[in-house]
Amino acid sequence: MSVSGTVAALVHHPPMIHSQAHRHHAIDHLELTVADLEQSVKAVEKAGRRVVQGPYAFPGGRRFHFTDPSSNELGVCSEN
């Protein structure tokens, strides 16, 4: 989905195994792709939301995570 240059995608991470007896599945989350990550951080904070991770570099760009009013964690990434 794309709205005004913002792309949204559901992200699923494969299970992470910490031991043979203990298996965790990463939670799916909504991730938005934006042109200007720093502007997005400022907009999220101005809206009163809390940035819980980042911004940080990852292969292919930079990303941060924030929580919505229902405490769901959302990701925002940029290719630059």
Side-chain angles (χ1 to χ4, degrees):
M1 176 190 334
S2 178
V3 179
S4 300
T6 300
V7 178
L10 288 175
V11 178
H12 174 73
H13 296 285
M16 298 182 308
I17 300 173
H18 296 288
S19 70
Q20 292 294 0
H22 201 253
R23 182 180 283 248
H24 291 282
H25 290 272
I27 298 171
D28 291 333
H29 66 275
L30 178 67
E31 187 163 279
L32 306 170
T33 301
V34 298
D36 188 333
L37 194 72
E38 298 307 320
Q39 180 182 2
S40 296
V41 170
K42 290 176 185 175
V44 163
E45 291 175 336
K46 183 176 180 180
R49 305 312 330 141
R50 186 171 67 98
V51 173
V52 294
Q53 291 183 43
Y56 60 91
F58 75 101
R62 292 180 45 76
R63 165 186 296 145
F64 74 95
H65 292 244
F66 69 98
T67 54
D68 71 7
S70 297
S71 298
N72 297 302
E73 190 169 318
L74 304 165
V76 180
C77 67
S78 177
E79 293 180 357
N80 50 4

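As the structure is a prediction and not an experimental result, all values here were calculated from the model.
The only member of V51, L37, T33 that meets side-chain contact (heavy atoms from CB on, under 4.5 Å) when paired with V76 is L37.
Put simply, the side chain of F64 does not reach to within 4.5 Å of the side chain of E38, judged on heavy atoms.
S78 places a side-chain N or O within donor-acceptor distance of the main-chain N or O of V34, the cut-off being under 3.5 Å. A donor-acceptor contact shorter than 3.5 Å links the side chain of R49 to the backbone of D68.
Rounded to the nearest 0.5 Å, atoms CD (E31) and CZ (R63) are 4.5 Å apart.
Residues A57 and R62 approach most closely at N-NH1, 4.0 Å, considering heavy atoms.
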